[in-house]
Amino acid sequence: MKSIAALQAVVTATPSEREPSDAELDAIETESPLILAEVALLDAQIMTIDRIPNELDQQRIRRARRRVLAARRDLANRAAIVTVSGGAA
């Protein structure tokens with residue numbers, strides 16, 4: 001019978017592996033406008049989940065959707081520029 005303790009080191013991450021790397025932090029910072037726009041859209045949708053949206057709610061949702069689309073466009077354009085320029089923005 002194998003001991004589980006022998007395999008524990010493989011499964012358990014060391015403290016240094018729990019922290020995000022600099023590259024991961026940069027990716028989060030790059031994607032943060034999109035993340036914030038998606039959160040705003042979810043907030044607008046959640047506000048109307050239990051009732052019929054009025055005109056103001058519909059405007060808020062449309063505006064939030066446009067922000068998400070704009071953030072996605074900007075992120076895609078930035079990725080395309082990095083790809084074309086060979087990694088240097």
Side-chain angles (χ1 to χ4, degrees):
M1 181 172 167
K2 287 186 174 181
S3 173
I4 294 175
L7 301 175
Q8 187 174 7
V10 176
V11 176
T12 306
T14 62
S16 64
E17 293 174 353
R18 292 182 188 154
E19 298 293 324
S21 68
D22 289 339
E24 291 170 331
L25 291 174
D26 289 341
I28 292 169
E29 185 176 337
T30 301
E31 294 176 7
S32 66
L34 175 58
I35 294 167
L36 294 174
E38 289 176 338
V39 167
L41 175 58
L42 282 173
D43 285 344
Q45 291 172 333
I46 288 170
M47 287 177 20
T48 63
I49 204 164
D50 61 346
R51 62 185 166 89
I52 298 173
N54 58 28
E55 183 60 33
L56 183 61
D57 294 332
Q58 291 174 352
Q59 285 179 344
R60 186 176 293 122
I61 291 170
R62 283 194 304 268
R63 193 176 314 119
R65 282 186 181 140
R66 286 194 300 268
R67 285 186 193 135
V68 168
L69 291 174
R72 285 181 183 167
R73 179 199 61 218
D74 294 343
L75 192 60
N77 286 343
R78 186 177 299 139
I81 290 171
V82 169
T83 303
V84 169
S85 65

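- The neighbour count for Asn54 CG, taken as heavy atoms of other residues, nucleotides or ligands under 6.0 Å away, is above 12.
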Using a 3.5 Å cut-off and no angle test, enumerate the donor-acceptor pairs between side-chain atoms of residues 31-51 and protein atoms at least two apart in sequence or in another chain.
unit_1: Ser32; atom_1: OG; unit_2: Glu29; atom_2: O; d: 2.9
unit_1: Glu38; atom_1: OE2; unit_2: Arg72; atom_2: NH2; d: 3.4
unit_1: Thr48; atom_1: OG1; unit_2: Gln45; atom_2: O; d: 3.0
unit_1: Arg51; atom_1: NE; unit_2: Met47; atom_2: O; d: 3.4
unit_1: Arg51; atom_1: NH1; unit_2: Asp57; atom_2: OD2; d: 2.4
unit_1: Arg51; atom_1: NH2; unit_2: Met47; atom_2: O; d: 3.4
unit_1: Arg51; atom_1: NH2; unit_2: Asp57; atom_2: OD2; d: 3.3

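- Taking Ile, Leu, Val, Met, Phe, Trp and Tyr as hydrophobic and joining them when side-chain heavy atoms fall under 4.5 Å apart, one finds Leu25 isolated, its cluster having no other members.
- Grouping the Ile, Leu, Val, Met, Phe, Trp and Tyr side chains by contacts below 4.5 angstrom, directly or via other members, places Leu69 apart from Leu75.
- Partners of Arg62 by side-chain contact (heavy atoms from CB on, under 4.5 Å), not counting sequence neighbours, listed by chain and number: Glu55, Gln58, Gln59, Arg66.
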